[in-house]
Amino acid sequence: RYKSMVTPRRAAVAIACCWIVSFLVGLTPMFGWNNLSKMRRTQEPNGSHTPFVIKCQFETVISMEYMVYFNFFVWVLPPLLLMLLIYLEVFNLIRKQLNKKVSSSASDPQKYYGKELKIAKSLALVLFLFALSWLPLHVLNCITLFCPSCQTPHILTSIAIFLTHGNSAMNPIVYAFRIKKFRTAFLQIWEQYFCCKTNKNGAAAAPQEGN
């Protein structure tokens with residue numbers, strides 16, 4: 001049913017929805033859920049007539065309530081747990097199919113489910129790397145919100161932020177090494193747009209002398 005359900009139009013709509021939701025969630029602090037009013041209230045009792053200056057640091061500007069209650073508890077943790085349950089069910093179903101006793105002539109089902117298992121493992125690896133990259137920062141945010149007196153080492157915060165940025169570079173590498181179709185597509189993109197090695201038919205071609 002995959003080809004009938006996942007049409008190019010539906011895939012495009014799903015991708016567009018993901019980007020729209022990401023923009024809305026990511027830009028929510030710019031719509032007003034930030035620490036600006038709190039910082040103004042802190043400065044007003046001092047009676048200072050100096051210009052209002054904001055210290056440009058993440059935890060100073062961004063509300064931890066937004067990061068924990070809205071970002072983590074709504075948009076990160078529930079989808080992560082849901083995807084974990086889905087993959088566990090996928091692996092369970094594939095394992096049952098592979099363990100079934102099949103006749104010697106029924107080699108295609110074994111080959112098919114073996115291929116599905118390999119793809120499922122690759123996608124599960126992507127999910128694992130996502131959790132490994134993003135959970136440390138969210139855990140630190142929870143500590144900052146629920147335990148204001150707790151002091152987290154600055155180096156841990158820097159490592160956690162680095163992991164979140166590095167996660168964006170991990171997925172293409174995992175896809176390229178684990179899934180042949182992705183690897184082929186990446187090589188074609190690389191040769192076409194970076195090496196300029198394409199012919200009229202769109203296939204990779206060797207560079208000619210004098211180009």
Side-chain angles (χ1 to χ4, degrees), residues 14-39 42 53-88 91 118-190 193-195:
I15 293 172
C17 289
C18 288
W19 276 102
I20 292 172
V21 170
S22 299
F23 270 109
L24 293 176
V25 173
L27 296 179
T28 296
M30 297 185 66
F31 300 149
W33 196 348
N34 50 52
N35 288 334
L36 180 60
S37 59
K38 183 187 297 185
M39 288 185 290
T42 304
V53 179
I54 300 176
K55 192 176 183 180
C56 189
Q57 290 184 349
F58 184 81
E59 293 185 3
T60 304
V61 179
I62 301 297
S63 169
M64 281 297 112
E65 287 81 2
Y66 157 78
M67 288 298 300
V68 174
Y69 293 124
F70 185 67
N71 199 329
F72 183 44
F73 288 167
V74 176
W75 295 106
V76 174
L77 191 58
L80 186 63
L81 295 176
L82 179 61
M83 292 299 296
L84 178 62
L85 293 176
I86 290 174
Y87 278 118
L88 289 176
F91 282 120
K118 182 179 179 180
I119 295 176
K121 286 181 178 180
S122 301
L123 298 178
L125 178 60
V126 171
L127 182 69
F128 170 76
L129 291 175
F130 173 82
L132 185 66
S133 301
W134 282 95
L135 286 181
L137 180 62
H138 287 294
V139 170
L140 291 178
N141 289 337
C142 290
I143 295 175
T144 301
L145 178 63
F146 299 125
C147 183
S149 60
C150 299
Q151 296 293 330
T152 56
H154 181 72
I155 185 65
L156 290 181
T157 304
S158 299
I159 292 174
I161 294 175
F162 176 79
L163 285 175
T164 61
H165 288 72
N167 181 246
S168 300
M170 294 178 188
N171 293 350
I173 297 174
V174 173
Y175 284 130
F177 276 96
R178 300 279 304 184
I179 302 177
K180 183 178 179 180
K181 288 185 177 180
F182 276 94
R183 183 165 60 252
T184 302
F186 285 142
L187 287 176
Q188 290 178 350
I189 293 172
W190 178 265
Y193 294 100
F194 294 93
C195 300

Sub-4.5 Å side-chain heavy-atom contact between Trp134 and Leu80 = no
Any side-chain heavy-atom pair of Phe130 and Leu135 under 4.5 Å = no
Closest heavy-atom pair and its distance - Phe72, Pro78 = O-CD, 3.9 Å
N/O donor-acceptor pairs under 3.5 Å from side chains in residues 149-160, not counting sequence neighbours:
| residue | atom | partner | partner atom | Å |
| --- | --- | --- | --- | --- |
| Ser158 | OG | His154 | O | 3.1 |

Gap between atom CG of Asn167 and atom OG of Ser133 - 0.5 Å precision = 4.0 Å
Could you check if a side-chain atom of Val61 sits within less than 4.5 angstrom of a side-chain atom of Ile54, using non-hydrogen atoms only?
-> yes
With under 30° as parallel and over 60° as perpendicular, where do the rings of Trp75 and Phe70 fit, or are they tilted in between?
-> perpendicular
Would you be so kind as to tabulate the donor-acceptor pairs closer than 3.5 Å made by side chains of residues 27-36, with sequence neighbours excluded?
| residue | atom | partner | partner atom | Å |
| --- | --- | --- | --- | --- |
| Thr28 | OG1 | Leu24 | O | 2.6 |
| Thr28 | OG1 | Val25 | O | 3.3 |
| Asn34 | OD1 | Leu36 | N | 3.0 |
| Asn34 | ND2 | Pro29 | O | 2.7 |
| Asn35 | ND2 | Thr60 | O | 3.1 |
| Asn35 | ND2 | Ile62 | O | 3.0 |

Set of ring pair (Phe, Tyr, Trp, His ring centres under 6.0 Å) partners for Phe194, sequence neighbours left out | Trp190
Of all heavy-atom pairs linking Pro136 and Ala131, the shortest is CD-O, 4.0 Å
Just how far is it from atom CG of Leu187 to atom SG of Cys195, taken to the nearest 0.5 Å?
-> 10.0 Å
With a cut-off of 6.0 Å (strictly less than), are more than 12 heavy atoms of other residues, nucleotides or ligands near CZ of Phe128?
-> no
Extract all donor-acceptor atom pairs below 3.5 Å that involve side chains of residues 169-178 and protein atoms in other chains or at least two apart in sequence.
| residue | atom | partner | partner atom | Å |
| --- | --- | --- | --- | --- |
| Arg178 | NE | Ser122 | OG | 3.2 |

Any pair with a residue in residues 64-74 that passes side chain to side chain donor-acceptor pair (under 3.5 Å), sequence neighbours left out, goes on the list, sorted by first then second residue, please.
-> Ser63-Glu65
With Ala14 via side-chain contact (heavy atoms from CB on, under 4.5 Å) - residues at least two apart | none
Any chance you could measure Leu145, atom CG, to Met67, atom CE, to the nearest 0.5 Å?
-> 11.0 Å
Distance (rounded to the nearest 0.5 Å) between Leu129 CG and Leu163 CG = 10.5 Å
For the side chain of Thr164 and the backbone of Ile161, is there at least one donor-acceptor N/O pair under 3.5 Å apart?
-> yes
Value rounded to 0.5 Å, distance of CG in Leu127 from CG in Leu132 = 11.0 Å
Phe23 atom CZ: more than 12 heavy-atom contacts under 6.0 Å = no
Would you indicate whether the side-chain heavy atoms of Leu137 and Asn141 approach each other to under 4.5 Å?
-> yes
Taking atom CZ of Phe162 as the centre, does the number of heavy atoms from other residues, nucleotides or ligands within less than 6.0 Å exceed 12?
-> no
